[in-house]
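The next block holds one structure in the form of structure tokens; read it before the comments.
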Amino acid sequence: MNNIFDVIPDNYFNLLASNSNYRTNSFLLQFIYQQYDNEISYRIKRTVLRDELAYFISENSRELIVEGEAAAKTYQDIASDYLRKFASKEVGWLEEEFDDSTFEKYVVITEQGIMLAELLNRLGQPEKEEFSSYVYNIYNTLVSKEQWSQDPYVGALKNIYKNAKSLSKSLKRMSTYIRKTIEKLMQEVSYASLTENIIAYCDGEFIKEYTRLTKPQNNIHIYRGKIIDMLEEMQNDIEIYKQIAAGCMGEEELGEWEAQEKIDSMFDSIKKFLKDDYLRIIADIKHKLNLYITMALGRFRYLKDHEVDMRDKVEKTLKYILEKMDDLGMKEELPEQMGELVRINQSKYIDVQSIRQPRNKSQVRKQFVAETETLTTQDVDDLKKIYEREARNPYSKKITKQYLKALMGEKKVLKSNELPLNSKEDLLLALSAVAYAKENGFLVEQEDGYFEMGNMILKSFRIYEV
């Protein structure tokens with residue numbers, strides 16, 4: 001077994017240790033990695049990289065803590081110092097080399113430097129994964145037999161195993177992330193921060209991915225069953241199994257028995273994950289998603305109760321102050337205009353009205369006299385009839401029930417094409433009758449086909465009384 005510390009230099013991680021400017025060093029390494037990621041060549045001229053790094057340091061000088069006597073150096077000198085340090089044998093993040101034809105110095109980021117920069121990037125901004133794509137890739141690989149028929153080990157089994165492991169790892173990481181989100185939720189101390197936590201949770205990519213995996217219309221469960229059947233068919237096919245074993249022996253440099261043991265283990269691991277482990281992980285994630293909602297509601301109640309407790313303390317404090325004001329006679333010394341500013345009601349407790357600003361008393365500024373006219377009995381009756389007519393709802397539940405009973409008569413079933421729909425009022429009355437049908441003791445069932453009424457084509461239905 002290879003030891004990683006036999007590959008990387010001794011001080012490889014020292015620049016990220018707590019006793020150094022680890023934030024600055026990590027930011028600069030990620031910036032250098034981005035320059036290589038944007039270039040086609042595997043190397044960059046040292047002068048070009050130095051100038052780009054110097055500009056980056058100058059633009060972010062407030063956030064970065066540069067080492068050494070930075071005040072006495074230019075940004076280009078500071079950038080050169082960092083390139084020299086990162087390329088030293090003790091660190092090994094970069095390498096410097098000369099071009100024999102141009103005699104220019106170039107900088108190359110090492111393999112270990114690339115892996116470290118990518119790790120820092122993933123930790124800071126995790127990649128958005130399409131979990132369902134792993135299942136689709138496995139299925140598409142199995143059905144595309146002509147693409148891997150020459151080498152079923154590398155083209156099929158190894159690829160499928162890799163996708164299954166990646167899906168398992170991603171789902172477990174999602175479960176861990178939700179757990180940490182719940183732990184962070186319990187540390188929120190205000191409505192504002194709690195609301196931000198919930199919004200971030202709802203907007204999180206893992207919610208969308210979980211939905212894609214579990215919604216019936218995505219057919220993920222259907223694919224799982226087909227995948228397991230095809231894997232068992234492949235494993236039980238003697239000719240394909242021999243090809244897989246031969247491919248494994250050549251690819252992994254194993255003996256015949258070791259290769260067979262390895263591919264059997266791979267088949268069993270994939271099927272076990274898709275049959276059992278997948279469902280258990282999904283169930284665990286679902287439990288944590290529900291737990292988050294429960295904990296969020298509990299946190300809201302806690303903050304609400306805590307706020308009530310604080311209000312009670314404030315009320316007790318105010319009551320104590322007011323009582324001391326009475327004992328010391330301070331209320332008697334208040335100016336007259338402040339007399340109503342502070343008062344205690346007869347119930348002897350503090351409430352919202354106990355402390356208030358005095359309102360200006362309303363004054364009659366101008367007298368106004370209106371002439372009145374006495375209504376006759378006939379006038380009152382006429383007004384009542386007008387109000388009753390305006391208040392009458394022609395589409396009420398009671399009226400629509402009477403309407404349906406009148407249409408049905410002795411019949412048990414009323415079909416949709418038997419409803420009168422000659423006017424707008426007829427249509428509105430029919431719609432109201434259907435809307436109140438269940439409450440009025442009727443059932444409405446759709447039927448196949450459509451019927452034409454006036455300029456409308458409507459879905460056929462029937463109404464019968466229960």
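This chain uses plain numbering: 1 for the first residue, then up along the sequence.
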Can you establish whether the number of heavy atoms outside Gln446 located under 6.0 Å from its atom CD is more than 12? no
Please confirm whether the backbone N or O of Asn137 pairs with a side-chain atom of Thr141, one donor and one acceptor, at under 3.5 Å? yes
Distance-minimising heavy-atom pair for Ile57 and Tyr82: CD1-CD1, 4.5 Å
Under a 4.5 Å cut-off applied to non-hydrogen side-chain atoms, are Glu95 and Val107 in contact? no
With sequence neighbours left out, write down each residue that passes side chain to side chain contact (heavy atoms under 4.5 Å, CB included) with Lys45, or none if nothing qualifies. Thr47, Val48, Glu104, Tyr106
To the nearest 0.5 Å, what is the distance between CZ (Arg46) and CG (Leu94)? 9.5 Å
Between Asp237 (side chain only) and Glu233 (backbone N and O only), is there a donor and an acceptor less than 3.5 Å apart? no
Any Lys/Arg nitrogen of Glu96 or Arg50 sitting under 4.0 Å from an Asp/Glu carboxylate oxygen of the other? no
Minimum side-chain heavy-atom gap Tyr436-Lys398 below 4.5 Å: no
Using 4.0 Å as the upper bound for N to carboxylate O, is an ion pair formed by Asp81 and Arg84? yes
Less than 4.0 angstrom from a charged side-chain N to a carboxylate O is my criterion; do Glu465 and Lys405 meet it? yes
Tyr223 and Ile138: side chain to side chain contact (heavy atoms under 4.5 Å, CB included), yes or no, with the steps? CA-CA 9 Å; Tyr223 281 109; Ile138 294 173; over 6 Å; no
Name every donor-acceptor pair, under 3.5 Å, that has one atom in a side chain of residues 261-274 and the other anywhere in the protein, sequence neighbours excluded.
| residue | atom | partner | partner atom | Å |
| --- | --- | --- | --- | --- |
| Asp264 | OD1 | Tyr241 | OH | 2.9 |
| Asp264 | OD2 | Tyr241 | OH | 3.2 |
| Ser269 | OG | Ser265 | O | 2.8 |
| Lys271 | NZ | Gln235 | OE1 | 2.8 |
| Lys272 | NZ | Asp277 | OD1 | 3.0 |
| Lys272 | NZ | Asp277 | OD2 | 3.1 |

Atom of Ile463, atom of Met408 and distance for their closest heavy-atom approach: O-CE, 4.0 Å
For Leu407, the side chain to side chain contact (heavy atoms under 4.5 Å, CB included) test, sequence neighbours excluded, returns Tyr403, Leu414, Leu419, Pro420
Do Lys275 and Glu232 pass the salt bridge (charged side-chain N to carboxylate O under 4.0 Å, His left out) test, and can you show the C-alpha distance, the side-chain angles, and the key distance before you say yes or no? CA-CA 12 Å; Lys275 281 183 180 179; Glu232 291 179 346; 3.5 Å; yes
Side-chain heavy-atom pair Ile114, Glu118 within 4.5 angstrom cut-off: yes
Donor-acceptor contact present, side-chain Asn60 to main-chain Phe56, <3.5 Å: yes
How long is the span from the OH atom in Tyr139 to the CD1 atom in Ile227, to the nearest 0.5 Å? 8.5 Å
Tyr134 side, atom OH; Lys162 side, atom NZ - distance, nearest 0.5 Å: 9.5 Å
Indicate yes or no: at least one non-hydrogen side-chain atom of Leu29 is less than 4.5 angstrom from one of Leu120. yes
Going by heavy atoms in the side chains, are Leu28 and Phe86 under 4.5 Å from each other? yes
List the atom of Ala79, the atom of Leu53, and the distance in Å for their closest heavy-atom pair. O-CD2, 3.8 Å
Partner residues of Phe98 under the ring-ring contact (aromatic ring centres under 6.0 Å, His included) criterion, sequence neighbours left out: none
Are a donor atom and an acceptor atom from the side chains of Thr74 and Asp77 found within less than 3.5 Å of each other? yes
Full working for side-chain hydrogen bond (donor to acceptor under 3.5 Å, both in side chains) between Tyr12 and Glu90: CA-CA 7 Å; Tyr12 184 78; Glu90 293 78 14; over 6 Å; no
Under 3.5 Å, side chain of Thr110 to main-chain N/O of Gly92, donor-acceptor pair present? yes
Let's go through Leu83 and Leu49 carefully: what are the C-alpha distance in whole Å and the side-chain angles of both, what is the deciding distance for side chain to side chain contact (heavy atoms under 4.5 Å, CB included) to 0.1 Å, and is it a yes or a no? CA-CA 9 Å; Leu83 290 177; Leu49 184 58; 3.8 Å; yes
First locate atom CG of Asn159, then atom CD of Gln147, and finally report the distance between them rounded to the nearest 0.5 Å. 10.5 Å
Compare all side-chain heavy atoms of Leu15 with those of Trp93 and state whether any distance is below 4.5 angstrom. yes
So Leu142 and Met234, do their side chains get closer than 4.5 Å, heavy atoms only? yes
Roughly how far, to the nearest 0.5 Å, is NZ of Lys172 from OG of Ser170? 11.0 Å
Would the number of heavy atoms belonging to other residues, nucleotides or ligands and lying under 6.0 Å from NZ of Lys411 be above 12? yes
Side-chain (Ser58) to main-chain (Tyr55) donor-acceptor, under 3.5 angstrom: yes
Stepwise side chain to side chain contact (heavy atoms under 4.5 Å, CB included) check, Lys438 with Phe442: CA-CA 5 Å; Lys438 188 175 181 180; Phe442 296 92; over 6 Å; no
Nearest non-hydrogen partners of Glu418 and Val413, listed with the distance: OE1-O, 4.3 Å
Distance in Å, Arg462 CZ paired with Glu445 CD, rounded so as to fall on 0.5 Å steps: 4.5 Å
Less than 4.5 Å apart, any side-chain heavy atom of Phe461 and any of Lys415? no
Holding to side-chain hydrogen bond (donor to acceptor under 3.5 Å, both in side chains), I want the full list of residues that pass it with Glu111, two or more places apart in sequence or in another chain. none
Side chains of residues 243-255: which donor-acceptor partners sit under 3.5 Å, not counting sequence neighbours?
| residue | atom | partner | partner atom | Å |
| --- | --- | --- | --- | --- |
| Gln243 | NE2 | Ser149 | O | 3.2 |
| Glu252 | OE2 | Tyr153 | OH | 2.8 |
| Glu252 | OE2 | Lys158 | NZ | 3.3 |

Is there a side chain to side chain contact (heavy atoms under 4.5 Å, CB included) between Ile44 and Val108 once you walk through the steps? CA-CA 7 Å; Ile44 302 177; Val108 179; over 6 Å; no
Just by modelled atom types, is the Leu167 backbone N or O under 3.5 Å from a matching donor or acceptor in the Tyr278 side chain? no
